[in-house]
Amino acid sequence: MREFGYERAADVPGAVALLNADPEARFLGGGTNLVDLMKTGVERPAHLVDVRELPLDTIESVDGGLRFGATVTNSDLAAHLDVRRQYPALAQAVLAGASGQLRNMATVGGNLLQRTRCGYFADVSQPCNKRSPGSGCPAIEGEHHNHAILGASSHCVATNPSDMAVALAAFDAVVTYETVDGPGELALDDFYLPVGDTPHRETALPPGALITGVRLPAAPVAALSRYRKVRERASFAFAVGSVAAALDVRDGVVHDVRLAFGAVASRPWRARTAEGALTGGPATAEAFAEAADAELAAAAPLADNAYKLPLVRNLVVAVLTELAEEAAR
Amino acid sequence: MARTTSSVITLHINGQDYTLPVDHRTTLLDALRERVDLTGSKKGCDQGQCGACTVLVDGRRTVSCLQLAVAAEGRSVTTVEGVAEDGELNAVQQAFVDLDGFQCGYCTPGQVCSALGVIQEHAAGWPSAATADVRPEAGPPPLTPDEIRERMSGNLCRCAAYVSIVDAVARAAGVDAEGQPVEANGKEAAA
(Lines give C-alpha, C1' and ligand atoms only; values in the text may rest on other atoms or scores of the structure.)
Protein backbone atom coordinates (compact mmCIF):
# COMPACT_ATOMS: atom_id res chain seq x y z
CA MET A 1 0.00 0.00 0.00
CA ARG A 2 1.19 3.47 -0.85
CA GLU A 3 2.03 5.66 2.15
CA PHE A 4 -0.49 8.40 2.82
CA GLY A 5 -1.16 11.41 4.98
CA TYR A 6 -4.20 11.45 7.25
CA GLU A 7 -6.28 14.29 8.57
CA ARG A 8 -9.58 14.36 10.37
CA ALA A 9 -11.93 17.06 9.14
CA ALA A 10 -13.76 19.07 11.79
CA ASP A 11 -16.38 20.68 9.58
CA VAL A 12 -17.67 20.49 6.01
CA PRO A 13 -15.81 23.54 4.62
CA GLY A 14 -12.64 22.28 6.25
CA ALA A 15 -13.08 18.83 4.71
CA VAL A 16 -13.59 20.27 1.23
CA ALA A 17 -10.59 22.59 1.64
CA LEU A 18 -8.34 19.73 2.81
CA LEU A 19 -9.36 17.56 -0.13
CA ASN A 20 -8.81 20.30 -2.67
CA ALA A 21 -5.34 21.04 -1.28
CA ASP A 22 -4.08 17.74 -2.72
CA PRO A 23 -5.23 16.35 -6.09
CA GLU A 24 -4.40 12.85 -4.88
CA ALA A 25 -6.45 13.14 -1.69
CA ARG A 26 -9.59 11.07 -1.05
CA PHE A 27 -12.33 11.28 1.53
CA LEU A 28 -12.44 8.42 4.06
CA GLY A 29 -15.84 7.42 5.42
CA GLY A 30 -16.34 3.96 6.90
CA GLY A 31 -13.48 2.70 4.75
CA THR A 32 -15.09 -0.66 4.02
CA ASN A 33 -14.54 -0.28 0.28
CA LEU A 34 -11.71 2.27 0.07
CA VAL A 35 -9.36 0.58 2.56
CA ASP A 36 -9.96 -2.76 0.86
CA LEU A 37 -9.11 -1.25 -2.54
CA MET A 38 -6.03 0.44 -1.10
CA LYS A 39 -4.77 -2.94 0.10
CA THR A 40 -5.03 -4.36 -3.41
CA GLY A 41 -3.53 -1.28 -5.06
CA VAL A 42 -6.66 -0.33 -7.01
CA GLU A 43 -6.82 2.91 -5.01
CA ARG A 44 -3.57 4.75 -4.25
CA PRO A 45 -4.45 8.02 -2.50
CA ALA A 46 -1.64 10.22 -1.21
CA HIS A 47 -3.85 11.68 1.48
CA LEU A 48 -6.98 10.67 3.36
CA VAL A 49 -9.40 13.24 4.72
CA ASP A 50 -11.46 11.46 7.37
CA VAL A 51 -15.05 12.73 7.28
CA ARG A 52 -16.58 10.27 9.76
CA GLU A 53 -16.88 12.86 12.53
CA LEU A 54 -18.51 15.57 10.45
CA PRO A 55 -21.92 16.64 11.77
CA LEU A 56 -23.72 14.87 8.90
CA ASP A 57 -25.12 11.98 10.93
CA THR A 58 -28.75 12.94 11.35
CA ILE A 59 -32.00 11.69 9.82
CA GLU A 60 -34.84 14.20 9.80
CA SER A 61 -38.33 14.61 8.36
CA VAL A 62 -38.62 17.37 5.74
CA ASP A 63 -41.86 18.26 3.92
CA GLY A 64 -43.28 14.78 4.28
CA GLY A 65 -40.07 13.20 3.06
CA LEU A 66 -36.75 12.46 4.73
CA ARG A 67 -33.28 13.90 4.70
CA PHE A 68 -30.29 11.95 5.96
CA GLY A 69 -26.66 12.95 6.23
CA ALA A 70 -23.72 11.44 4.39
CA THR A 71 -22.13 9.96 7.50
CA VAL A 72 -25.24 8.16 8.74
CA THR A 73 -24.19 4.53 8.91
CA ASN A 74 -26.00 1.94 6.82
CA SER A 75 -27.12 0.33 10.11
CA ASP A 76 -28.66 3.50 11.48
CA LEU A 77 -30.41 4.21 8.19
CA ALA A 78 -31.97 0.74 8.03
CA ALA A 79 -33.02 0.81 11.71
CA HIS A 80 -34.61 4.25 11.61
CA LEU A 81 -38.34 4.15 12.33
CA ASP A 82 -39.30 6.74 9.71
CA VAL A 83 -37.26 4.99 7.00
CA ARG A 84 -38.96 1.68 7.85
CA ARG A 85 -42.40 3.31 7.98
CA GLN A 86 -42.23 5.59 4.93
CA TYR A 87 -39.76 3.76 2.65
CA PRO A 88 -39.64 0.10 3.82
CA ALA A 89 -37.94 -0.97 0.55
CA LEU A 90 -35.03 1.32 1.41
CA ALA A 91 -34.57 -0.32 4.81
CA GLN A 92 -34.79 -3.75 3.16
CA ALA A 93 -32.29 -2.79 0.47
CA VAL A 94 -29.74 -1.58 3.01
CA LEU A 95 -30.25 -4.70 5.15
CA ALA A 96 -29.74 -6.88 2.06
CA GLY A 97 -26.25 -5.45 1.58
CA ALA A 98 -22.98 -6.59 3.16
CA SER A 99 -22.81 -7.93 6.75
CA GLY A 100 -23.80 -6.53 10.12
CA GLN A 101 -20.22 -5.47 10.82
CA LEU A 102 -19.83 -3.67 7.49
CA ARG A 103 -23.21 -1.93 7.79
CA ASN A 104 -22.10 -0.58 11.18
CA MET A 105 -19.06 1.01 9.51
CA ALA A 106 -20.28 1.96 6.03
CA THR A 107 -21.80 5.38 5.44
CA VAL A 108 -24.51 6.69 3.12
CA GLY A 109 -21.99 8.75 1.15
CA GLY A 110 -19.58 5.84 0.82
CA ASN A 111 -22.35 3.46 -0.22
CA LEU A 112 -23.24 5.78 -3.11
CA LEU A 113 -19.60 5.97 -4.21
CA GLN A 114 -18.61 2.33 -3.75
CA ARG A 115 -16.86 0.79 -6.74
CA THR A 116 -17.90 -2.12 -8.91
CA ARG A 117 -17.01 -5.65 -7.80
CA CYS A 118 -16.00 -6.66 -11.35
CA GLY A 119 -13.11 -9.08 -10.86
CA TYR A 120 -11.03 -7.41 -13.57
CA PHE A 121 -11.43 -4.00 -11.94
CA ALA A 122 -10.24 -5.47 -8.64
CA ASP A 123 -7.17 -7.16 -10.15
CA VAL A 124 -4.44 -4.65 -10.98
CA SER A 125 -2.63 -7.21 -13.14
CA GLN A 126 -5.57 -7.11 -15.61
CA PRO A 127 -6.59 -4.46 -18.13
CA CYS A 128 -9.66 -2.43 -17.12
CA ASN A 129 -11.02 0.69 -18.77
CA LYS A 130 -12.58 1.83 -15.53
CA ARG A 131 -9.36 1.56 -13.50
CA SER A 132 -6.88 2.28 -16.27
CA PRO A 133 -8.61 4.15 -19.13
CA GLY A 134 -7.85 2.80 -22.58
CA SER A 135 -6.41 -0.51 -21.36
CA GLY A 136 -9.38 -2.60 -22.50
CA CYS A 137 -12.20 -4.66 -21.01
CA PRO A 138 -11.48 -8.37 -20.60
CA ALA A 139 -14.93 -8.98 -19.12
CA ILE A 140 -16.71 -8.67 -22.46
CA GLU A 141 -15.07 -11.85 -23.74
CA GLY A 142 -14.19 -13.24 -20.32
CA GLU A 143 -15.87 -13.83 -16.96
CA HIS A 144 -19.05 -11.77 -17.06
CA HIS A 145 -21.87 -13.91 -15.70
CA ASN A 146 -22.73 -11.15 -13.21
CA HIS A 147 -22.18 -8.17 -15.50
CA ALA A 148 -24.53 -5.63 -17.06
CA ILE A 149 -27.36 -6.34 -19.49
CA LEU A 150 -28.59 -2.74 -19.75
CA GLY A 151 -26.82 0.51 -20.55
CA ALA A 152 -23.35 -0.99 -20.93
CA SER A 153 -20.90 -0.13 -23.72
CA SER A 154 -18.08 -1.76 -25.63
CA HIS A 155 -15.76 -0.11 -23.09
CA CYS A 156 -17.20 -1.47 -19.84
CA VAL A 157 -19.88 -3.93 -18.75
CA ALA A 158 -19.45 -3.62 -14.97
CA THR A 159 -22.43 -3.24 -12.62
CA ASN A 160 -23.01 -0.88 -9.74
CA PRO A 161 -23.04 -3.08 -6.61
CA SER A 162 -25.16 -0.92 -4.29
CA ASP A 163 -28.49 -2.21 -2.99
CA MET A 164 -29.28 1.07 -1.22
CA ALA A 165 -28.99 3.06 -4.44
CA VAL A 166 -31.61 0.89 -6.16
CA ALA A 167 -34.22 1.86 -3.59
CA LEU A 168 -33.07 5.49 -3.70
CA ALA A 169 -33.49 5.46 -7.48
CA ALA A 170 -37.06 4.19 -7.15
CA PHE A 171 -37.93 7.00 -4.74
CA ASP A 172 -36.45 9.95 -6.68
CA ALA A 173 -33.64 10.64 -4.23
CA VAL A 174 -31.59 13.81 -4.54
CA VAL A 175 -27.90 13.80 -3.56
CA THR A 176 -26.63 16.99 -1.95
CA TYR A 177 -22.97 17.99 -1.95
CA GLU A 178 -20.58 20.75 -1.04
CA THR A 179 -17.68 22.15 -3.07
CA VAL A 180 -15.24 25.01 -2.51
CA ASP A 181 -17.71 27.10 -4.53
CA GLY A 182 -20.68 26.22 -2.34
CA PRO A 183 -23.44 23.62 -2.17
CA GLY A 184 -25.13 21.78 -5.02
CA GLU A 185 -27.42 18.85 -5.65
CA LEU A 186 -28.03 16.12 -8.20
CA ALA A 187 -31.08 13.95 -8.78
CA LEU A 188 -30.04 10.32 -8.46
CA ASP A 189 -31.11 9.89 -12.10
CA ASP A 190 -28.32 12.30 -13.06
CA PHE A 191 -25.85 11.29 -10.33
CA TYR A 192 -24.43 8.23 -12.10
CA LEU A 193 -23.09 8.96 -15.58
CA PRO A 194 -23.78 6.84 -18.65
CA VAL A 195 -20.87 4.47 -19.34
CA GLY A 196 -20.11 5.49 -22.93
CA ASP A 197 -16.38 5.61 -23.57
CA THR A 198 -15.60 7.05 -20.11
CA PRO A 199 -16.29 4.23 -17.63
CA HIS A 200 -13.69 5.76 -15.29
CA ARG A 201 -16.00 8.74 -14.80
CA GLU A 202 -18.74 7.30 -12.63
CA THR A 203 -20.62 10.26 -11.17
CA ALA A 204 -21.57 13.80 -12.12
CA LEU A 205 -20.20 15.16 -8.84
CA PRO A 206 -17.92 18.13 -9.51
CA PRO A 207 -14.24 17.48 -8.79
CA GLY A 208 -13.47 17.76 -5.09
CA ALA A 209 -17.12 17.64 -4.01
CA LEU A 210 -18.14 16.13 -0.68
CA ILE A 211 -21.50 14.36 -0.54
CA THR A 212 -23.34 15.90 2.42
CA GLY A 213 -26.54 13.87 2.32
CA VAL A 214 -29.56 12.49 0.54
CA ARG A 215 -33.05 13.95 0.33
CA LEU A 216 -36.05 11.75 -0.30
CA PRO A 217 -39.16 13.64 -1.45
CA ALA A 218 -42.54 12.72 0.02
CA ALA A 219 -43.77 9.54 -1.70
CA PRO A 220 -46.96 8.06 -0.22
CA VAL A 221 -46.67 5.15 -2.69
CA ALA A 222 -43.43 4.11 -0.97
CA ALA A 223 -45.26 3.09 2.19
CA LEU A 224 -46.19 -0.12 0.34
CA SER A 225 -42.81 -1.05 -1.10
CA ARG A 226 -40.42 -3.96 -1.18
CA TYR A 227 -36.84 -4.80 -2.13
CA ARG A 228 -36.02 -8.30 -3.24
CA LYS A 229 -32.51 -9.46 -4.03
CA VAL A 230 -31.35 -12.65 -5.69
CA ARG A 231 -27.82 -13.78 -4.92
CA GLU A 232 -25.74 -16.90 -5.22
CA ARG A 233 -26.01 -17.67 -1.50
CA ALA A 234 -28.53 -16.76 1.17
CA SER A 235 -26.66 -13.83 2.71
CA PHE A 236 -23.62 -11.53 2.52
CA ALA A 237 -23.22 -11.56 -1.26
CA PHE A 238 -23.75 -9.06 -4.03
CA ALA A 239 -26.91 -9.29 -6.12
CA VAL A 240 -27.16 -11.12 -9.41
CA GLY A 241 -30.43 -9.25 -9.79
CA SER A 242 -32.67 -7.17 -7.57
CA VAL A 243 -35.85 -5.14 -7.71
CA ALA A 244 -37.13 -2.24 -5.64
CA ALA A 245 -40.84 -1.70 -6.15
CA ALA A 246 -43.69 0.34 -4.74
CA LEU A 247 -47.32 0.05 -5.77
CA ASP A 248 -50.53 1.98 -5.27
CA VAL A 249 -53.52 0.01 -6.62
CA ARG A 250 -57.05 1.36 -6.54
CA ASP A 251 -59.98 -0.82 -7.67
CA GLY A 252 -57.59 -3.14 -9.46
CA VAL A 253 -55.99 -0.32 -11.43
CA VAL A 254 -52.38 0.81 -10.99
CA HIS A 255 -52.58 4.36 -9.69
CA ASP A 256 -48.86 4.81 -9.02
CA VAL A 257 -45.88 2.50 -9.32
CA ARG A 258 -42.13 2.75 -8.74
CA LEU A 259 -39.70 0.21 -10.12
CA ALA A 260 -35.91 0.05 -10.14
CA PHE A 261 -33.50 -2.82 -10.91
CA GLY A 262 -30.13 -3.61 -9.37
CA ALA A 263 -27.13 -5.58 -10.67
CA VAL A 264 -28.15 -5.09 -14.31
CA ALA A 265 -26.30 -1.89 -15.23
CA SER A 266 -23.50 0.49 -14.29
CA ARG A 267 -26.10 2.38 -12.28
CA PRO A 268 -29.29 1.59 -10.40
CA TRP A 269 -31.78 1.16 -13.24
CA ARG A 270 -34.99 3.13 -12.85
CA ALA A 271 -37.52 1.25 -14.97
CA ARG A 272 -39.51 4.18 -16.30
CA THR A 273 -40.67 2.34 -19.42
CA ALA A 274 -42.22 -0.35 -17.25
CA GLU A 275 -43.73 2.23 -14.91
CA GLY A 276 -45.32 4.00 -17.87
CA ALA A 277 -46.70 0.75 -19.24
CA LEU A 278 -48.27 -0.13 -15.89
CA THR A 279 -49.76 3.18 -14.84
CA GLY A 280 -53.51 3.30 -15.43
CA GLY A 281 -53.64 -0.37 -16.38
CA PRO A 282 -54.69 -3.55 -14.59
CA ALA A 283 -52.67 -4.85 -11.64
CA THR A 284 -52.33 -8.38 -12.99
CA ALA A 285 -49.40 -10.76 -13.34
CA GLU A 286 -49.77 -10.59 -17.14
CA ALA A 287 -49.50 -6.79 -17.10
CA PHE A 288 -46.50 -6.94 -14.74
CA ALA A 289 -44.70 -9.39 -17.08
CA GLU A 290 -45.46 -7.31 -20.15
CA ALA A 291 -44.17 -4.17 -18.46
CA ALA A 292 -40.97 -5.94 -17.43
CA ASP A 293 -40.49 -7.19 -20.98
CA ALA A 294 -41.00 -3.67 -22.31
CA GLU A 295 -38.26 -2.40 -20.02
CA LEU A 296 -35.92 -5.27 -20.86
CA ALA A 297 -36.44 -4.89 -24.63
CA ALA A 298 -33.39 -2.63 -24.61
CA ALA A 299 -31.22 -5.27 -22.93
CA ALA A 300 -28.07 -6.48 -24.67
CA PRO A 301 -26.93 -9.51 -22.69
CA LEU A 302 -23.47 -11.00 -23.09
CA ALA A 303 -22.74 -14.66 -23.79
CA ASP A 304 -23.10 -15.77 -20.17
CA ASN A 305 -25.56 -13.41 -18.50
CA ALA A 306 -28.79 -13.67 -20.50
CA TYR A 307 -30.22 -15.53 -17.48
CA LYS A 308 -30.72 -12.11 -15.92
CA LEU A 309 -33.58 -11.36 -18.33
CA PRO A 310 -36.02 -14.00 -17.01
CA LEU A 311 -34.62 -13.48 -13.50
CA VAL A 312 -35.49 -9.79 -13.46
CA ARG A 313 -38.81 -10.33 -15.23
CA ASN A 314 -39.82 -12.96 -12.67
CA LEU A 315 -38.68 -10.73 -9.81
CA VAL A 316 -40.86 -7.90 -11.11
CA VAL A 317 -43.91 -10.15 -11.42
CA ALA A 318 -43.38 -11.73 -7.99
CA VAL A 319 -42.77 -8.50 -6.09
CA LEU A 320 -45.56 -6.51 -7.76
CA THR A 321 -47.98 -9.43 -7.28
CA GLU A 322 -47.12 -9.54 -3.58
CA LEU A 323 -47.61 -5.81 -3.25
CA ALA A 324 -50.96 -5.95 -5.12
CA GLU A 325 -52.16 -8.73 -2.83
CA GLU A 326 -51.05 -6.77 0.21
CA ALA A 327 -52.85 -3.67 -1.08
CA ALA A 328 -56.05 -5.69 -1.48
CA ARG A 329 -55.97 -6.81 2.16
CA MET B 1 1.15 19.20 0.12
CA ALA B 2 3.93 18.11 2.44
CA ARG B 3 2.57 15.19 4.36
CA THR B 4 3.37 13.04 7.30
CA THR B 5 2.65 9.38 6.78
CA SER B 6 2.73 8.37 10.44
CA SER B 7 1.24 9.68 13.67
CA VAL B 8 1.46 9.09 17.39
CA ILE B 9 -2.00 8.01 18.44
CA THR B 10 -3.73 6.92 21.61
CA LEU B 11 -6.05 3.95 21.33
CA HIS B 12 -8.60 3.25 24.06
CA ILE B 13 -8.81 -0.52 24.23
CA ASN B 14 -10.67 -2.55 26.86
CA GLY B 15 -10.70 0.44 29.19
CA GLN B 16 -6.98 1.12 28.90
CA ASP B 17 -5.10 3.76 26.91
CA TYR B 18 -2.24 2.73 24.63
CA THR B 19 -0.10 5.47 23.07
CA LEU B 20 1.94 4.37 20.09
CA PRO B 21 3.38 5.67 16.82
CA VAL B 22 1.69 4.15 13.80
CA ASP B 23 2.25 4.25 10.07
CA HIS B 24 -1.10 5.43 8.72
CA ARG B 25 -1.41 2.20 6.74
CA THR B 26 -1.72 0.20 9.98
CA THR B 27 -5.13 -1.35 10.45
CA LEU B 28 -6.69 -1.58 13.88
CA LEU B 29 -6.32 -5.36 13.60
CA ASP B 30 -2.56 -5.14 13.04
CA ALA B 31 -2.23 -2.55 15.81
CA LEU B 32 -4.05 -4.87 18.21
CA ARG B 33 -2.10 -7.97 17.30
CA GLU B 34 1.37 -6.66 16.48
CA ARG B 35 1.66 -3.51 18.58
CA VAL B 36 -0.20 -4.03 21.84
CA ASP B 37 -0.07 -7.85 21.99
CA LEU B 38 -3.81 -8.39 22.01
CA THR B 39 -3.77 -11.41 19.72
CA GLY B 40 -7.32 -12.61 20.43
CA SER B 41 -8.64 -10.86 17.33
CA LYS B 42 -7.70 -13.03 14.37
CA LYS B 43 -6.65 -12.27 10.82
CA GLY B 44 -8.50 -14.48 8.36
CA CYS B 45 -9.14 -12.85 4.99
CA ASP B 46 -7.94 -9.31 5.82
CA GLN B 47 -10.60 -7.97 3.45
CA GLY B 48 -13.74 -7.76 5.57
CA GLN B 49 -15.32 -10.99 4.45
CA CYS B 50 -14.65 -13.56 7.18
CA GLY B 51 -15.32 -11.67 10.42
CA ALA B 52 -12.48 -13.30 12.39
CA CYS B 53 -11.18 -9.82 13.29
CA THR B 54 -14.51 -8.56 14.65
CA VAL B 55 -14.23 -6.18 17.62
CA LEU B 56 -16.62 -3.65 19.13
CA VAL B 57 -15.90 0.01 18.31
CA ASP B 58 -17.97 2.43 20.38
CA GLY B 59 -20.08 -0.62 21.24
CA ARG B 60 -20.76 -1.67 17.66
CA ARG B 61 -19.34 -4.73 15.94
CA THR B 62 -16.78 -3.79 13.34
CA VAL B 63 -14.24 -5.63 11.20
CA SER B 64 -10.92 -4.34 12.50
CA CYS B 65 -9.09 -5.32 9.28
CA LEU B 66 -10.81 -2.51 7.35
CA GLN B 67 -10.58 0.00 10.19
CA LEU B 68 -7.45 2.15 10.05
CA ALA B 69 -5.87 2.45 13.50
CA VAL B 70 -5.34 6.19 13.08
CA ALA B 71 -9.06 6.59 12.35
CA ALA B 72 -9.92 4.69 15.55
CA GLU B 73 -8.26 7.26 17.79
CA GLY B 74 -10.74 8.71 20.25
CA ARG B 75 -13.09 5.75 19.92
CA SER B 76 -13.63 2.99 22.46
CA VAL B 77 -12.43 -0.43 21.30
CA THR B 78 -13.47 -3.69 22.96
CA THR B 79 -11.74 -6.91 21.91
CA VAL B 80 -12.46 -10.48 22.97
CA GLU B 81 -9.89 -9.96 25.76
CA GLY B 82 -12.18 -7.30 27.20
CA VAL B 83 -15.60 -8.90 27.09
CA ALA B 84 -15.42 -11.04 30.24
CA GLU B 85 -17.17 -9.54 33.25
CA ASP B 86 -15.17 -9.39 36.50
CA GLY B 87 -13.05 -12.31 35.36
CA GLU B 88 -16.07 -14.47 34.56
CA LEU B 89 -16.92 -15.51 31.02
CA ASN B 90 -19.84 -13.51 29.74
CA ALA B 91 -23.06 -15.23 28.63
CA VAL B 92 -21.95 -15.50 24.99
CA GLN B 93 -18.56 -16.99 25.84
CA GLN B 94 -20.13 -19.44 28.30
CA ALA B 95 -22.74 -20.53 25.75
CA PHE B 96 -20.05 -21.15 23.11
CA VAL B 97 -18.18 -23.33 25.62
CA ASP B 98 -21.25 -25.17 26.88
CA LEU B 99 -22.68 -25.87 23.41
CA ASP B 100 -19.42 -26.50 21.50
CA GLY B 101 -19.87 -23.42 19.34
CA PHE B 102 -16.51 -24.04 17.68
CA GLN B 103 -14.08 -26.69 16.59
CA CYS B 104 -10.61 -25.25 15.93
CA GLY B 105 -11.46 -21.96 17.64
CA TYR B 106 -9.80 -19.60 15.17
CA CYS B 107 -13.00 -17.76 14.26
CA THR B 108 -14.37 -17.84 17.82
CA PRO B 109 -13.16 -14.44 19.10
CA GLY B 110 -14.81 -12.81 16.10
CA GLN B 111 -17.94 -14.93 16.51
CA VAL B 112 -18.17 -13.94 20.20
CA CYS B 113 -17.75 -10.22 19.53
CA SER B 114 -20.19 -10.40 16.63
CA ALA B 115 -22.76 -12.28 18.73
CA LEU B 116 -22.53 -9.59 21.40
CA GLY B 117 -23.33 -7.06 18.69
CA VAL B 118 -26.19 -9.18 17.34
CA ILE B 119 -27.80 -9.43 20.76
CA GLN B 120 -27.53 -5.68 21.35
CA GLU B 121 -28.81 -4.83 17.87
CA HIS B 122 -31.76 -7.18 18.27
CA ALA B 123 -32.57 -5.78 21.70
CA ALA B 124 -32.61 -2.31 20.12
CA GLY B 125 -35.32 -3.54 17.73
CA TRP B 126 -33.23 -3.58 14.56
CA PRO B 127 -34.72 -5.67 11.74
CA SER B 128 -32.57 -7.80 9.41
CA ALA B 129 -32.77 -9.14 5.87
CA ALA B 130 -34.52 -12.19 7.36
CA THR B 131 -37.27 -10.04 8.88
CA ALA B 132 -40.51 -10.51 6.94
CA ASP B 133 -41.90 -7.05 7.66
CA VAL B 134 -39.51 -4.25 8.59
CA ARG B 135 -42.24 -1.69 9.27
CA PRO B 136 -42.26 -0.53 12.89
CA GLU B 137 -45.90 -1.50 13.42
CA ALA B 138 -44.93 -5.13 12.74
CA GLY B 139 -42.99 -5.05 16.03
CA PRO B 140 -39.48 -6.32 16.71
CA PRO B 141 -38.74 -9.68 15.05
CA PRO B 142 -38.24 -12.70 17.33
CA LEU B 143 -34.59 -13.84 17.31
CA THR B 144 -35.28 -17.11 15.48
CA PRO B 145 -32.52 -19.37 14.12
CA ASP B 146 -33.12 -17.82 10.66
CA GLU B 147 -32.62 -14.36 12.13
CA ILE B 148 -29.45 -15.48 13.93
CA ARG B 149 -28.04 -17.06 10.76
CA GLU B 150 -28.70 -13.90 8.77
CA ARG B 151 -27.31 -11.58 11.44
CA MET B 152 -24.19 -13.74 11.92
CA SER B 153 -23.54 -14.09 8.17
CA GLY B 154 -20.50 -11.81 8.42
CA ASN B 155 -18.66 -14.50 10.42
CA LEU B 156 -17.38 -17.54 8.60
CA CYS B 157 -16.41 -20.78 10.35
CA ARG B 158 -14.03 -22.91 8.30
CA CYS B 159 -14.89 -25.91 10.49
CA ALA B 160 -18.59 -25.29 9.84
CA ALA B 161 -19.63 -25.34 13.49
CA TYR B 162 -22.59 -23.21 12.49
CA VAL B 163 -25.31 -25.40 14.01
CA SER B 164 -23.78 -25.06 17.46
CA ILE B 165 -22.94 -21.40 16.93
CA VAL B 166 -26.60 -20.62 16.22
CA ASP B 167 -27.57 -22.57 19.36
CA ALA B 168 -24.98 -20.68 21.41
CA VAL B 169 -26.16 -17.28 20.24
CA ALA B 170 -29.77 -18.25 21.02
CA ARG B 171 -28.76 -19.50 24.48
CA ALA B 172 -26.82 -16.31 25.21
CA ALA B 173 -29.74 -14.20 24.00
CA GLY B 174 -32.09 -16.19 26.23
CA VAL B 175 -34.38 -17.36 23.42
CA ASP B 176 -35.72 -20.75 22.37
CA ALA B 177 -35.90 -22.23 18.85
CA GLU B 178 -38.92 -20.06 18.07
CA GLY B 179 -37.04 -16.96 19.16
CA GLN B 180 -39.22 -16.57 22.26
CA PRO B 181 -37.71 -15.58 25.63
CA VAL B 182 -36.85 -18.74 27.55
CA GLU B 183 -37.93 -17.39 30.95
CA ALA B 184 -41.39 -16.52 29.64
CA ASN B 185 -42.37 -20.04 28.58
CA GLY B 186 -40.58 -22.05 31.21
CA LYS B 187 -38.55 -24.12 28.76
CA GLU B 188 -35.26 -23.28 30.42
CA ALA B 189 -35.19 -26.41 32.59
CA ALA B 190 -35.87 -28.59 29.58
CA ALA B 191 -33.14 -27.00 27.45
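Hydrogens, waters and symmetry mates are skipped; everything else that's a heavy atom, side chains included, is used. In what follows, every chain begins at residue 1, and chains take the letters A, B, ... in the order their sequences are listed. These figures come from a predicted structure and were not determined experimentally.
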What residue in B:Ser128, B:Ala129, B:Gly125, B:Pro136 has the most heavy-atom pairs under 4.5 Å with chain A?
B:Pro136
Tell me, side chain or backbone of A:Ala223 under 4.5 Å from chain B's heavy atoms, or both, or neither?
backbone
If one checks every heavy atom of A:Asp50 against chain B at 4.5 Å, the contacting part turns out to be side chain
Residue selection (most heavy-atom pairs with chain B, distance under 4.5 Å) from A:Met1, A:Arg52, A:Glu3:
A:Glu3
Salt-bridge present (B:Arg25, B:Asp23; N to O < 4.0 Å):
yes
Options B:Arg151, B:Gln47, B:Glu137, ranked by heavy-atom pairs under 4.5 Å with chain A, top entry:
B:Gln47
If one checks every heavy atom of A:Thr40 against chain B at 4.5 Å, the contacting part turns out to be neither
Below 4.0 angstrom, N of the basic side chain to O of the carboxylate: do A:Glu24 and A:Arg2 qualify?
yes
Can you confirm whether the side chains of A:Gln92 and A:Asp163 place a donor and an acceptor under 3.5 Å from each other?
no
Less than 4.5 Å to any heavy atom of chain B: does that hold for the side chain of A:Leu81, its backbone, both, or neither?
both
Taking all non-hydrogen atoms of both residues, which atom of A:Leu77 and which atom of A:Ile59 are closest, and how far apart?
CA-CD1, 4.1 Å
Less than 4.5 Å to any heavy atom of chain B: does that hold for the side chain of A:Leu48, its backbone, both, or neither?
side chain
Against chain A, work out which of B:Ser7, B:Cys65, B:Ser6, B:Ala130 has the most heavy-atom pairs shorter than 4.5 Å and name it.
B:Cys65
Side chain from CB out, backbone as N, CA, C, O: work out which of these in A:Ala78 comes under 4.5 Å of a heavy atom of chain B, or both, or neither.
backbone
Who wins among B:Thr131, B:Thr62, B:Asp133 for the most heavy-atom pairs under 4.5 Å with chain A?
B:Thr62
Would B:Lys43 and B:Asp30 pass as an ion pair if we require N to O under 4.0 Å?
yes
B:Arg60 and B:Glu121: CA distance, side-chain angles, deciding distance, salt bridge (Lys or Arg N to Asp or Glu O under 4.0 Å) verdict:
CA-CA 9 Å; B:Arg60 291 197 173 179; B:Glu121 291 163 9; over 6 Å; no
Taking all non-hydrogen atoms of both residues into account, name the closest pair between A:Phe261 and A:Val166 and its distance.
C-CG1, 3.7 Å
Look at A:Ala98, A:Ala93, A:Ser99, A:Ser235 and state which one has the largest set of heavy-atom pairs under 4.5 Å with chain B.
A:Ser235
So which atom in B:Gly117 and which in B:Arg61 form the shortest heavy-atom distance, rounded to 0.1 Å?
CA-CD, 3.8 Å
Non-hydrogen atoms of chain B under 4.5 Å away: do they reach the side chain of A:Arg8, the backbone, both or neither?
side chain
Would you sort out whether A:Val243 and A:Arg228 count as a side-chain contact (heavy atoms from CB on, under 4.5 Å), showing the intermediate values?
CA-CA 5 Å; A:Val243 166; A:Arg228 186 178 293 178; 5.6 Å; no
Per-residue tally against chain B (heavy atom, under 4.5 Å) across A:Pro88, A:Ala234, A:Pro23 peaks at A:Pro88
